[in-house]
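Right, one structure below, let's go through it.
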Amino acid sequence: MTSTVSIWVGRPGGPPRRSSEPDRLHGAASTMKVAVLAALYRGGDLDAPVPVVNDFVSAADDGSRYRNDRSYDDDDEVWKHLGESVPARWLARRMIVRSSNLATNLLLARVGLPAVAEVWSLAGATGSVTARGIEDYAARDAGRDNVVTAADLAALFTALYRGELAAPESCAQMLDLLAEQEWRVDLAAGVPDGVRIAHKNGWMTGVRHSAGIVYPPDAEPYVIAVCTTSRGVPPDDYDELACRRIAEISADAWAERSR
C-alpha cells in the first residue's frame, strides 16, 4: 500500500511504545467528532432538545450557508427527524456509533468551534484543528480545514481516560459510548472479539484513520492511533487496503500488550 501512515501506541499518559510520524498532519475526516463530543459534555444539557435542520452558517465568514448531502452520510436515522427536535444526547450517540454527519453539524452549531478548540487545547494537542463543519466547502476553500495528528488523537483519548476533559463520570460515559462504535473494520478488527475497545474512526476519499483505547483483560489499557493518507492509490481501492493495514498495526499492538 502506498500511503503516509502515522502511528502512536502507548499507555495512557506515558511515552509512546511505538510511533511513526506521529506529528504529521492528516485530513481529520470523522475523528474530529470525538472533540465535538467532549465539547458537548463539557458545556451542555445533554437532554436539551435540538431542532433537526439541514442549514448551517459557514465558517468562511462570508455570510454563506451550507447543507449536508444525505447520500454522503453514513447514518439515515437523523435525517428521518428533519423538522422535529431530538435530545442532544441522542444526536451524540448517532454521531459516534454511526458517524452521522448531520448529527455532528447540529452539535457543532450548538457548542461552537471555540469550545471544540478548547477541548483540543486541554488534551495538549499541538497540531490538530477543527475549523469547520462537515461539507462546509466554502470554509475549506478559504483555507479553514480540519486536521489531526496521530499523537493528538492519542492525547485526546488519554485525556478522556484520565477524566481531564469533563467531570470524571462524564468522561467515563463518553468512553462507554465510544465502546459502542458500530464501524469495526479497522482498529477493532485487530483485537479478539469481545475485547473492549473505545474508539472512533474516520474516512473520506484517500483517507482512513482510527484511534482509541483498548482494554485487554490480561494487561493494562493502551492507547492506539493510526492515521493513513493515500499517495497514488486509486480511491476505490484505498479504503479496503487502509482498513487492512490499520487492523495489522492494531494486531501487532495487541500482541505486544503486556509490554
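A quick note: this is a predicted structure, and the numbers were derived from the prediction, not measured. Positions are given from 1, in the same order as the sequence printed here.
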Side chain of [X], backbone of [Y]: donor and acceptor closer than 3.5 Å?
{"X": "Gln181", "Y": "Ala198", "result": "no"}
{"X": "Arg196", "Y": "Ala179", "result": "no"}
{"X": "Ser250", "Y": "Ile246", "result": "no"}
{"X": "Thr31", "Y": "Ala28", "result": "yes"}

Work out which heavy atom in [X] is nearest to a heavy atom in [Y]; give both atom names and the distance.
{"X": "Glu135", "Y": "Arg67", "answer": "CB-O, 4.2 Å"}
{"X": "Asp23", "Y": "Ala151", "answer": "OD1-CB, 3.5 Å"}
{"X": "Ala103", "Y": "Val78", "answer": "CB-CG2, 4.0 Å"}
{"X": "Ala60", "Y": "Asp136", "answer": "N-OD2, 4.4 Å"}
{"X": "Asp73", "Y": "Ser100", "answer": "OD1-CA, 3.4 Å"}
{"X": "Pro22", "Y": "Trp8", "answer": "CB-CD1, 4.1 Å"}

Checking salt bridge (charged side-chain N to carboxylate O under 4.0 Å, His left out) for the pair Asp74/Arg94: CA distance, chi angles, key distance, verdict? CA-CA 10 Å; Asp74 289 293; Arg94 303 313 302 179; over 6 Å; no
Before accepting this row, confirm whether a basic side-chain N of the pair [X]/[Y] lies closer than 4.0 Å to the acidic partner's carboxylate O.
{"X": "Arg98", "Y": "Glu77", "answer": "no"}
{"X": "Glu240", "Y": "Arg244", "answer": "yes"}
{"X": "Arg257", "Y": "Asp218", "answer": "yes"}
{"X": "Asp61", "Y": "Arg144", "answer": "yes"}
{"X": "Asp239", "Y": "Arg208", "answer": "yes"}
{"X": "Glu256", "Y": "Arg18", "answer": "no"}

Would [X] and [Y] show up in the same hydrophobic cluster when neighbours are defined by side-chain heavy atoms closer than 4.5 Å?
{"X": "Met95", "Y": "Val148", "value": "yes"}
{"X": "Phe157", "Y": "Tyr222", "value": "no"}
{"X": "Leu113", "Y": "Leu40", "value": "yes"}
{"X": "Val9", "Y": "Val223", "value": "no"}
{"X": "Leu241", "Y": "Val185", "value": "no"}

Could you check whether [Y] and [X], counting side-chain N and O atoms only, form a donor-acceptor pair closer than 3.5 Å?
{"X": "Thr130", "Y": "Asn146", "result": "no"}
{"X": "Asn105", "Y": "Asn68", "result": "yes"}
{"X": "Ser30", "Y": "Ser99", "result": "yes"}
{"X": "Thr149", "Y": "His26", "result": "no"}
{"X": "Trp120", "Y": "Asp152", "result": "no"}

One pair to check against salt bridge (charged side-chain N to carboxylate O under 4.0 Å, His left out): Asp145 and Arg140. What are the steps and the verdict? CA-CA 5 Å; Asp145 215 347; Arg140 181 197 64 185; 5.9 Å; no
How far does [atom1] of [X] sit from [atom2] of [Y], to the nearest 0.5 angstrom?
{"X": "Leu153", "Y": "Ser6", "atom1": "CG", "atom2": "OG", "result": "10.0 Å"}
{"X": "Leu91", "Y": "Arg93", "atom1": "CG", "atom2": "CZ", "result": "12.5 Å"}
{"X": "Ile224", "Y": "Arg17", "atom1": "CD1", "atom2": "CZ", "result": "12.5 Å"}
{"X": "Cys171", "Y": "Arg42", "atom1": "SG", "atom2": "CZ", "result": "9.0 Å"}
{"X": "Arg110", "Y": "Leu108", "atom1": "CZ", "atom2": "CG", "result": "12.5 Å"}
{"X": "Ser3", "Y": "Arg245", "atom1": "OG", "atom2": "CZ", "result": "8.0 Å"}

More than 12 heavy atoms from other groups under 6.0 Å of [atom1] on [X]:
{"X": "Asp193", "atom1": "CG", "value": "no"}
{"X": "Arg24", "atom1": "CZ", "value": "no"}
{"X": "Glu220", "atom1": "CD", "value": "no"}

For the residue pair Thr228 and Val207, establish whether any side-chain heavy-atom pair is separated by less than 4.5 Å. no
Aromatic rings Phe56 and Tyr66: how do their planes relate, parallel, tilted or perpendicular, breaks at 30° and 60°? tilted
Can you spot which of Ile213, Leu175, Leu37, Val119 makes a side-chain contact (heavy atoms from CB on, under 4.5 Å) with Leu160? Leu175
May I have the step-by-step check of side-chain contact (heavy atoms from CB on, under 4.5 Å) for Val5 and Glu21, ending in yes or no? CA-CA 7 Å; Val5 181; Glu21 300 193 74; over 6 Å; no
Sole candidate of Tyr72, Tyr238, Trp183 that passes ring-ring contact (aromatic ring centres under 6.0 Å, His included) when paired with Trp203: Trp183
Could you go step by step and tell me if Lys33 and Asn101 meet the side chain to side chain donor-acceptor pair (under 3.5 Å) rule? CA-CA 9 Å; Lys33 294 172 182 177; Asn101 290 339; 2.9 Å; yes
Could you walk me through whether Val97 and Leu178 pass the side-chain contact (heavy atoms from CB on, under 4.5 Å) test, one step at a time? CA-CA 7 Å; Val97 304; Leu178 287 155; over 6 Å; no
Passes side-chain contact (heavy atoms from CB on, under 4.5 Å), Leu187 versus Ile197? Steps please. CA-CA 9 Å; Leu187 274 190; Ile197 175 170; 3.9 Å; yes
side-chain contact (heavy atoms from CB on, under 4.5 Å) between Lys200 and His209: does it pass, once the steps are laid out? CA-CA 8 Å; Lys200 182 72 188 80; His209 311 322; over 6 Å; no
